[in-house]
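I have placed the structure first, in the form of C-alpha cells, so that the comments after it can refer back to it.
Each residue takes its place number in the sequence, starting with 1. No hydrogens, no waters, no symmetry mates; every other heavy atom, side chains included, goes into these values.
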Amino acid sequence: MSKTADKRLPDPAGAALADPNRWKALVFIALAQLMVVLDATIVNIALPSAQRDLGISDGNKQWVITAYALAFGGLLLFGGRIADLWGRKRTFVVGLLGFAAASAVGGAATGEAMLLGSRALQGAFGALLAPAALSLLAVMFTDAKERAKAFGIYGAIAGGGGAVGLILGGFLTEYLDWRWTFFVNIPFAIVAALGAYFVIGEPADGRNRSPLDIPGVVLSTLGLVSLVYGFTRAETDGWSDTMTISLFVGAAVLLFSFVVVESRVAHPLLPLRVVADRNRGGVYLSLGLAIIAMFGLFLFLTYYLQVVKGYSPVRTGFAFLPMIAGMITGSTQIGARLMTRVPPRLLMGPGFLVAALGMLLLTQLEIDSSYTGLILPGQLLLGLGMGTAFMPAMSLATHGIEPRDAGVASAMVNTSQQVGGAIGTALLNTIAASATTAYVTAHAATTGDSRLLELRAMVAGFSSAIWWAVGILAVAATIAVTFINTGRPGASPGAGTEGAGNEVKVPVAMH
C-alpha cells in the first residue's frame, strides 16, 4: 500500500501491527463463527429424538428449525447496525453470552414451547454475534496478505461449519443425548467471550453513533421474516398455498418500502452505498446463490446416506468429511495463497465452476452408487470449489468499507447466506419431491417391489434437484465474473484496474 493510502499511518509497512493481538483475536472470532454455523445443522440430526422426548407433533417439528431461521434471518441487519452503534467487541460478547444462555434453556427444555422459545432466542443472539464477528475481522486485518490468511480461515469455517454440525450432531445424539446438541454451545461461547473480552480491540473511531433508523428496523425485520418464512412454508405447504403467496407478496412490499425509506432518511439502517457498489453487490448475490445449491445438497446427501444406504447418524456425519477437507484446503491453501496475486473474480468464478463439477458428478446418484467412486470425489470437488470461492467473497464483502459501516456490510453477507439457505432447502426439496412423484407415476406398473420403487424414486428426485443446483452454481459463477471487477488486494493505484479505487481503507490505530 502506498504512503498516500492513509496519512494517519506514519509507516505503511506497520499497518498490520495496528493491533498486536489480532491473531489471538482470530481464534476466538473463528470459534464463535463455528458455533453459529454448526448450530444451523447440528439440531437436524437430533430432531427426531427431541420430538419423541418432548411430544412435539409432526406438524410443529419444523418450527425447531424455523424458529431459529426466522429470528436469525430477520434480525441480521438490525444486529449489524447494533454492532456499529454499540461497538463490535461489546456486541460480540453480548451475543456470545446470550447464545450460551439460550442454548442452556434449549438443552433443559421440558416441553415444546420451551424448546421453540430457546431456538428463537438463539437466532436473535446469533443475529447480534455473526455480523460483529465478520466486521471485527474487517477492521482488525487491513494488510492484504494478513487479511487473506485471516479470511481464509474464516471462509473455511463459514463453508464447512454446517458439515461439522452434521458430524457433531450425529455423535452427540448417538452416544450421549440430543440435549447435548444444545449444551455443547455453552463452553464454545464462554471461552470465546472470555477471549474476546481480554484480547479483541477495534478502531477507536469505528462506531456509527447516528440515531437508530426505527422504520428501517421494522420494515427490514418484517420483510426478511416474511421472505424466510415464505420459503419455509413453501417446502411444507406448496408454492400455490394462499399463505405462501401472501408471505411472498408481503415480503416484496415490505422490502421495497424498506429501500424507499433507506433512500430518504438521514441515518439509514442500511446505507445504500453499501450494496450499490457493484463488487459487494456481486458478492452478496453470487454467495446467496451458491448457498442455495450447497444447503440443498446437505439435505439430499443426509437422506440418501441414512435412508438409502442405511448409514447411522455418526457414519453419515463422517461421510461429509471429504467436503470439509476440500473446503479447508480450498480456502486456506488455494484462496488465501492466490488472493493477493489475482483478482477475486478469478477465484470466485472458477471456484463456483469446480463446485458445479462436483455437483454434476452427484447427479449420477443411483441406489447402489459407490461412496468412494462417486460421492467422495463429488464432495471433494464441491468443497475445493466452495472453499476457494468463499474465501475472497468473505473478504471482498467488507473490502474498502468505512469502519462505521462494517457491521451492516457484514450483516448483508450473513443475510445472503441465511436467505440462500432457506431458499435452497425449500426450492430444491420441492423440485425433488415433484420429480419423485413423477417417477413413481411412470414406473409403478413396471416395478413390483414397492420398497425398491420408493428408493429409486427418492434418488431420482435427488438427482433432478441436484441438476438444478448445478445450474444455480453456473449462474453464481457468471455473476461473480461479470459483476466483480476489482483488482487484486494491495494492487497499486497505477495498476489500471478498478480495484485500485477499492483499496482497503486502513482504520486508525487499535485500542
Side-chain angles (χ1 to χ4, degrees), residues 31-76 79 93-130 161-193 221 225 228-229 232-233 235-236 295 298-299 302 306 312-314 316-317 418 421-422 425:
L31 184 65
Q33 176 65 12
L34 176 62
M35 180 186 72
V36 172
V37 174
L38 68 82
D39 201 73
T41 54
I42 192 173
V43 177
N44 289 10
I45 288 179
L47 183 54
S49 300
Q51 180 185 1
R52 190 167 52 249
D53 282 1
L54 299 180
I56 301 173
S57 68
D58 285 336
N60 287 341
K61 68 178 181 180
Q62 62 158 327
W63 282 101
V64 177
I65 308 300
T66 304
Y68 179 86
L70 290 182
F72 189 68
L75 293 171
L76 271 168
V93 172
V94 170
L96 281 165
L97 295 178
F99 201 94
S103 298
V105 172
T110 56
E112 179 179 317
M114 190 172 174
L115 182 65
L116 298 183
S118 74
R119 289 291 284 165
L121 277 175
Q122 279 185 318
F125 283 108
L128 279 181
L129 175 58
V164 172
L166 294 172
I167 296 173
L168 191 56
F171 182 87
L172 293 173
T173 302
E174 191 163 327
Y175 294 111
L176 292 173
D177 185 83
W178 66 266
R179 295 180 184 277
W180 281 97
T181 62
F182 288 88
F183 290 144
V184 73
N185 292 323
I186 299 173
F188 274 102
I190 291 175
V191 169
T221 300
V225 165
V228 173
Y229 185 38
T232 303
R233 176 109 185 175
E235 183 184 359
T236 56
F295 266 63
F298 279 169
L299 179 70
T302 300
Q306 290 198 40
S312 68
V314 169
T316 299
Q418 187 65 27
T425 303

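In plain terms, the two heavy atoms of L129 and A32 that are nearest each other are CD1-CB, 4.1 Å. Across L31 and F188, no two heavy atoms sit closer than the pair CD1-CD2, 3.2 Å. Residues A120 and A71 share a closest heavy-atom pair of O-CB, 3.3 Å.
Separating the CG atom in L128 from the CZ atom in F72 is a distance of 10.0 Å, to the nearest 0.5 Å. The CD1 atom of I186 lies 13.0 Å from the CG atom of L96; values are rounded to the nearest 0.5 Å. Atom CG of L54 is separated from atom CH2 of W178 by 4.5 Å, given to the nearest 0.5 angstrom.
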Item to complete: Go through L115 and F182 one step at a time and tell me if the side chain to side chain contact (heavy atoms under 4.5 Å, CB included) criterion holds.
Response: CA-CA 10 Å; L115 182 65; F182 288 88; 3.4 Å; yes

Enumerate, atom names and distances included, each donor-acceptor pair closer than 3.5 Å involving a side-chain atom of residues 164-172, sequence neighbours excluded.
none

Output a table of donor-acceptor pairs, distance under 3.5 Å, between side-chain atoms of residues 100-110 and any protein atom two or more places apart or on a different chain; print 'none' if there are none.
residue: S103; atom: OG; partner: F99; partner atom: O; Å: 2.8
residue: S103; atom: OG; partner: Q122; partner atom: NE2; Å: 2.8
residue: S103; atom: OG; partner: N185; partner atom: ND2; Å: 3.2

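The closest side-chain heavy-atom distance from V64 to Q51 is not below 4.5 Å.
For residues 107-130, the set of pairs meeting the salt bridge (charged side-chain N to carboxylate O under 4.0 Å, His left out) definition, not counting sequence neighbours, comprises D39-R119.
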